[in-house]
Amino acid sequence: MNDELSNRTSGDADGVDVAALREGIDTRFDAAVEQLKALVAIPGIAWDAFDPAELTRSAEAVAETARAAGLTDVQILRVDQDGVSGGPAVVARRAAAPGKPTVLLYAHHDVQPPGDAAEWASEPFTATHAGERLFGRGAADDKAGIMAHIGALEALDDVLGDDFGVGVTLFIEGEEEAGSPTFRQFLQTHRDLLAADVIVVADSSNWKVGVPALTTSLRGLVDGTIEVQVLDHAVHSGMFGGPVLDAPTLLSRLIATLHDENGSVAVEGLARSEDTAVDYPESDYRTDASVLDGVRLAGTGPLASRLWTQPALSIIGMDVPSVATSSNTLLPRARAKFSLRLAPGSDPAEAMEAVRSHVQRHAPFGARVTFTPGETGAAFATDTAEPAARHALWALEQAWSVNPVESGIGGSIPFIADLMDIYPRAQILVTGVEDPDSRAHSANESLHLGEFRKAMLAEALLLVRINSTGL
């Protein structure tokens with residue numbers, strides 16, 4: 001650490017006692033990890049195939065954790081949409097002192113299904129400590145985000161007490177992993193309750209262990225299904241095969257047109273850029289993404305741009321018979337689901353129409369192609385000149401004692417577009433507790449506990465900086 005940085009991180013920094021807050025986080029850290037373990041033990045999954053009682057139990061546990069942290073105005077709320085009740089969200093508030101801004105702290109308590117238990121090295125819903133990591137479904141995504149908020153608030157109460165006047169609204173969603181189907185309706189219903197000057201979304205990732213990041217861009221998202229039909233019904237492949245190709249073969253040919261010979265997305269009309277503030281070393285990407293030796297990477301331009309500022313299209317599901325149940329039959333139809341990540345500057349509606357136009361123009365052998373649009377979500381970009389972003393970058397530097405990275409993320413958080421629309425004047429920050437080996441959504445999901453401690457400190461520093469210098 002250089003001397004200048006050491007001076008900025010060891011004691012008072014712009015009126016903020018960094019050392020005192022660090023001690024406050026350290027004092028409460030073990031208890032925070034135990035609270036996180038208790039949350040991981042509750043399999044709250046917002047998908048129809050899973051027990052909704054567990055999701056309710058998860059919300060109740062989060063609400064109790066918020067009360068224990070000193071937030072007295074705590075509610076569990078749902079909204080109905082199209083006759084269906086949304087997931088239970090926890091909202092806990094503490095009003096701002098006169099002249100102080102309000103900060104909304106977002107995370108989500110619902111988690112992904114565990115998947116194949118055989119792929120886990122430990123029980124998915126038993127938080128298991130191994131080395132520097134805590135393993136378990138939701139340990140990183142996003143119950144650690146909840147506890148980063150809680151741990152920061154508790155440390156601030158310990159260190160500042162009544163001198164901390166920033167208003168705080170804790171908003172812990174209960175259906176994010178199911179696509180946040182009632183999120184916009186929830187915001188509209190509780191617009192005043194959730195109104196804030198700054199919104200902190202703790203659901204992203206840091207650059208790597210030891211190097212923090214502020215997520216400054218997210219790709220947008222459109223998805224949908226493509227169905228190819230060639231026959232009215234299935235027929236014997238020996239009696240009729242040859243003059244007509246089966247639907248899976250033609251669907252495969254259609255899918256192949258979605259990328260060019262370099263592997264870049266070939267759909268016309270999509271925004272793309274090769275501009276990024278930093279690059280992503282290929283060796284790091286291959287390790288982080290578990291790319292097999294010999295596999296050539298797709299696309300052109302800097303690797304970071306291929307991840308953050310260029311479109312990416314994947315086929316994430318197909319409806320064809322499994323090998324185990326296949327027979328000698330020409331299949332009349334086959335269907336695939338696509339997921340298209342959009343570069344900042346893209347219009348999701350225009351992108352959806354671009355995919356529709358592409359698949360209809362490229363229908364192989366005159367096959368009947370049916371396009372069914374799915375979800376859409378806008379891309380996001382942070383204005384790092386805004387005060388909240390400057391405060392966040394300062395806080396990350398103090399907590400990690402290294403310069404933070406202004407990082408794009410290849411993924412999407414579609415509900416951020418709703419936040420921007422409902423609260424156009426709010427400054428939105430996307431922060432994270434994950435690292436490239438957290439394996440969110442996968443087997444053996446984990447949280448690096450050293451990074452977790454620093455994430456809590458960074459959030460406490462961000463809040464106290466807003467408290468001391470404003471916006």
Side-chain angles (χ1 to χ4, degrees), residues 36-59 61-62 87-88 107-131 133-147 172-181 203-205 221 223 225 286-292 295 312-325 335-339 341 374-375 377 409-414 432-449 452:
L36 175 58
K37 289 180 178 180
L39 294 179
V40 169
I42 305 173
I45 301 169
W47 297 17
D48 291 341
F50 294 85
D51 185 358
E54 294 291 357
L55 194 62
T56 299
R57 189 161 71 96
S58 177
V62 171
H108 63 87
H109 68 88
D110 67 304
V111 299
Q112 283 279 320
D116 186 354
E119 295 182 1
W120 285 79
S122 58
E123 289 295 322
F125 294 106
T126 299
T128 304
H129 193 166
R133 308 192 76 93
L134 186 71
F135 290 82
R137 175 60 83 227
D141 183 18
D142 185 30
K143 291 176 177 178
I146 299 170
M147 290 310 306
I172 309 301
E173 188 192 354
E175 57 179 24
E176 194 274 345
E177 298 293 9
S180 301
D203 193 18
S204 188
S205 179
L221 170 71
D223 66 26
T225 59
R286 286 183 172 274
T287 298
D288 295 342
S290 70
V291 179
L292 297 179
V295 174
L313 195 153
S314 304
I315 300 301
I316 60 173
M318 295 185 73
D319 287 337
V320 295
S322 68
V323 172
T325 62
R335 186 171 65 150
K337 182 172 183 177
F338 72 90
S339 175
R341 305 289 177 163
E375 289 187 48
I409 292 289
S412 309
I413 307 180
V433 292
E434 299 173 30
D435 65 83
D437 200 34
S438 287
R439 305 189 189 187
H441 294 204
S442 300
N444 300 310
E445 177 182 346
S446 70
L447 172 72
H448 189 285
L449 292 174
F452 180 44

Engineer: Using residues 118-129 as the side-chain source, report each donor-acceptor pair under 3.5 Å to any protein atom, sequence neighbours left out, with the distance given to one decimal.
Structural biologist:
{"residue": "Trp120", "atom": "NE1", "partner": "Pro114", "partner atom": "O", "Å": "2.9"}
{"residue": "Thr128", "atom": "OG1", "partner": "Thr126", "partner atom": "O", "Å": "2.9"}
{"residue": "His129", "atom": "NE2", "partner": "Gly131", "partner atom": "O", "Å": "3.1"}

Engineer: Look only at the side chain of Thr225 and the backbone of Ala336, and say whether a donor-acceptor pair between them is shorter than 3.5 Å.
Structural biologist: no
Engineer: Could I get the full list of ring-ring contact (aromatic ring centres under 6.0 Å, His included) partners for Phe135, not counting sequence neighbours?
Structural biologist: none
Engineer: Would the number of heavy atoms belonging to other residues, nucleotides or ligands and lying under 6.0 Å from CG of Asp116 be above 12?
Structural biologist: yes
Engineer: Does Leu55 reach the side chain of Ile45, with side-chain heavy atoms less than 4.5 Å apart?
Structural biologist: no
Engineer: Is it true that the side chains of Ser446 and Arg439 contain a donor and an acceptor less than 3.5 Å apart?
Structural biologist: no
Engineer: Measure from the side-chain N and O atoms of Glu175 to the backbone N and O of Gly87, and report whether any donor-acceptor pair falls under 3.5 Å.
Structural biologist: yes
Engineer: Near Lys337 NZ, under 6.0 Å, is it more than 12 heavy atoms from other residues, nucleotides or ligands?
Structural biologist: no
Engineer: Side chains of Glu434 and Leu447, heavy atoms from C-beta outward: is any pair under 4.5 Å?
Structural biologist: no
Engineer: Any salt bridge (Lys or Arg N to Asp or Glu O under 4.0 Å) involving residues 133-146? Give me the pairs, sequence neighbours left out, ordered by first then second residue.
Structural biologist: Arg133-Asp435, Arg137-Glu445
Engineer: Quick check for you: to the nearest 0.5 Å, what is the distance between Leu36 atom CG and Phe452 atom CZ?
Structural biologist: 5.0 Å
Engineer: When rounded to the nearest 0.5 angstrom, what is the spacing between CG in Leu313 and OG in Ser339?
Structural biologist: 7.5 Å
Engineer: For the pair Asp319 (side chain) and Arg335 (backbone), establish whether a donor and an acceptor sit closer than 3.5 Å, ignoring hydrogens and angles.
Structural biologist: no
